[in-house]
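Here's the structure we're looking at; comments come further down.
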Amino acid sequence: MREMRSMTLRLLYFGLVREKLGRGEETRAAAGGLTVDGLLEELSASHGLFALGAGVLRVAVNREYVGGDHVLRDGDEVAIIPPVAGGTGNDCDRGDC
Amino acid sequence: MFAITEEPIDLAALVAHVSDPAAGAVTSFLGTTRATNRGRNVLRLEYEAYADMAVAEFEKIAAEAARRWELVRVAIVHRVGVVPLGEASVGIAVSAPHRRESIEACHYCIDALKLVAPIWKKEHFEGGEVWIGSLADCDHGDGHGHSHGDAHGHAHGHGPKD
């Protein structure tokens with residue numbers, strides 16, 4: 001059975017992700033009850049997001065950082081946050097790369 | 001004053017914003033663009049922000065600083081777009097009744113900003129460009145042989161790099 005795509009999300013992309021995808025935002029239909037991790041899995045399949053290093057991507061919903069089990073709601077603004085300029089979520093600060 | 005701006009940062013305006021007769025100290029910080037990074041000769045830096053969220057994060061950082069120390073006022077401004085070498089990309093001013101609080105709180109604010117602010121930095125250097133913090137940033141390295149693209153995709157590592 002095909003799942004109902006009952007929500008509309010506004011996705012925002014920044015930095016490396018924006019550049020690789022060639023756009024800064026898009027709207028996307030999603031199934032009710034979808035979690036942040038579920039969305040990242042969908043985007044991995046449709047956009048190749050994991051190739052960008054999904055392990056270091058953070059997500060903000062309506063301008064607040066959220067965890068992977070956060071449940072999305074219709075109309076949410078979902079920002080995919082690659083590693084920020086200040087330096088977290090990568091190996092570089094260890095000084096060995 | 002919490003803002004993202006495309007204009008050069010005006011430190012005097014930040015200091016004026018936090019100045020108050022109740023304050024006995026003002027500490028200011030400017031983060032400036034450096035000419036070299038991990039052995040690369042940097043030509044210019046380009047910053048991008050999720051502006052609405054960045055400003056909200058600045059407000060949260062200031063609120064937390066005010067909770068930890070007795071502060072009078074905090075101002076945080078980050079520049080976006082191309083920032084030429086030697087110019088400020090971020091400016092912070094903190095006022096407090098006494099010097100220790102203002103210095104410690106200012107230090108806290110810049111460290112917190114670097115961890116959480118949704119701001120990205122693209123470094124244009126001699127021979128290429130790289131998003132700071134990305135896997136490619138590691139791989140560009142400084143000649144220590146990390147250019148093999150192995151799995152760096154796990155999250156750890158903290159703290160300011162510049």
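We name chains A, B, ... by the order of the sequence lines, and we start the count at 1 in each one.
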Query raised in the report: Does the side chain of A:H70 pick up a donor-acceptor pair with the side chain of A:E64 at under 3.5 Å?
Result: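 No, no side-chain donor-acceptor pair sits under 3.5 Å.
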
Requested in this report: Kindly determine whether A:E42 and A:R28 satisfy salt bridge (charged side-chain N to carboxylate O under 4.0 Å, His left out), including the steps that lead there.
Outcome: CA-CA 11 Å; A:E42 285 189 7; A:R28 183 182 179 90; 3.4 Å; yes

Query raised in the report: Could you name the residues of residues 54-71 of chain B that have a heavy atom within less than 4.5 Å of a heavy atom in chain A?
Result: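 From residues 54-71 of chain B, the residues near chain A are B:E57, B:K60.
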
Query raised in the report: Looking only at heavy atoms, which of residues 4-14 of chain B get nearer than 4.5 Å to chain A?
Result: none

Requested in this report: Applying side chain to side chain contact (heavy atoms under 4.5 Å, CB included), run through A:V84 and A:R58 and close with a yes or a no.
Outcome: CA-CA 10 Å; A:V84 297; A:R58 284 189 283 178; 3.8 Å; yes

Report task. Any chance you could lay out the salt bridge (charged side-chain N to carboxylate O under 4.0 Å, His left out) test for B:E126 and B:R40, step after step, and finish with the verdict? Result -> CA-CA 7 Å; B:E126 285 179 6; B:R40 304 186 288 245; over 6 Å; no

Query raised in the report: Do NZ/NE/NH1/NH2 and the carboxylate oxygens of A:R10 and A:D76 come within less than 4.0 Å?
Result: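 Answer for the salt bridge query: no.
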
Query - Short N-O contact, A:E19 and B:K122, less than 4.0 angstrom - result: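 Answer for the salt bridge query: yes.
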
**Report entry** Verdict with supporting geometry, A:M7 and A:L34, side chain to side chain contact (heavy atoms under 4.5 Å, CB included)
**Finding:** CA-CA 9 Å; A:M7 301 194 298; A:L34 184 70; 4.2 Å; yes

Query raised in the report: B:M53, B:M1: one ILVMFWY side-chain cluster at the under-4.5 Å cut-off?
Result: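 Hydrophobic grouping puts B:M53 apart from B:M1.
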
**Report entry** Heavy-atom contact with chain A under 4.5 Å, split by part of B:V116
**Finding:**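 Looking at B:V116, backbone and side chain both touch chain A.
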
**Report entry** Lys NZ or Arg CZ of B:R79 over B:Y47 ring: under 6.0 Å, within 45°
**Finding:** no

Query raised in the report: For A:Y13, is the NZ or CZ atom of A:R18 found under 6.0 angstrom from the centre of its six-membered ring and inside 45 degrees of the ring axis?
Result: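 Checked: cation-pi criterion not met.
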
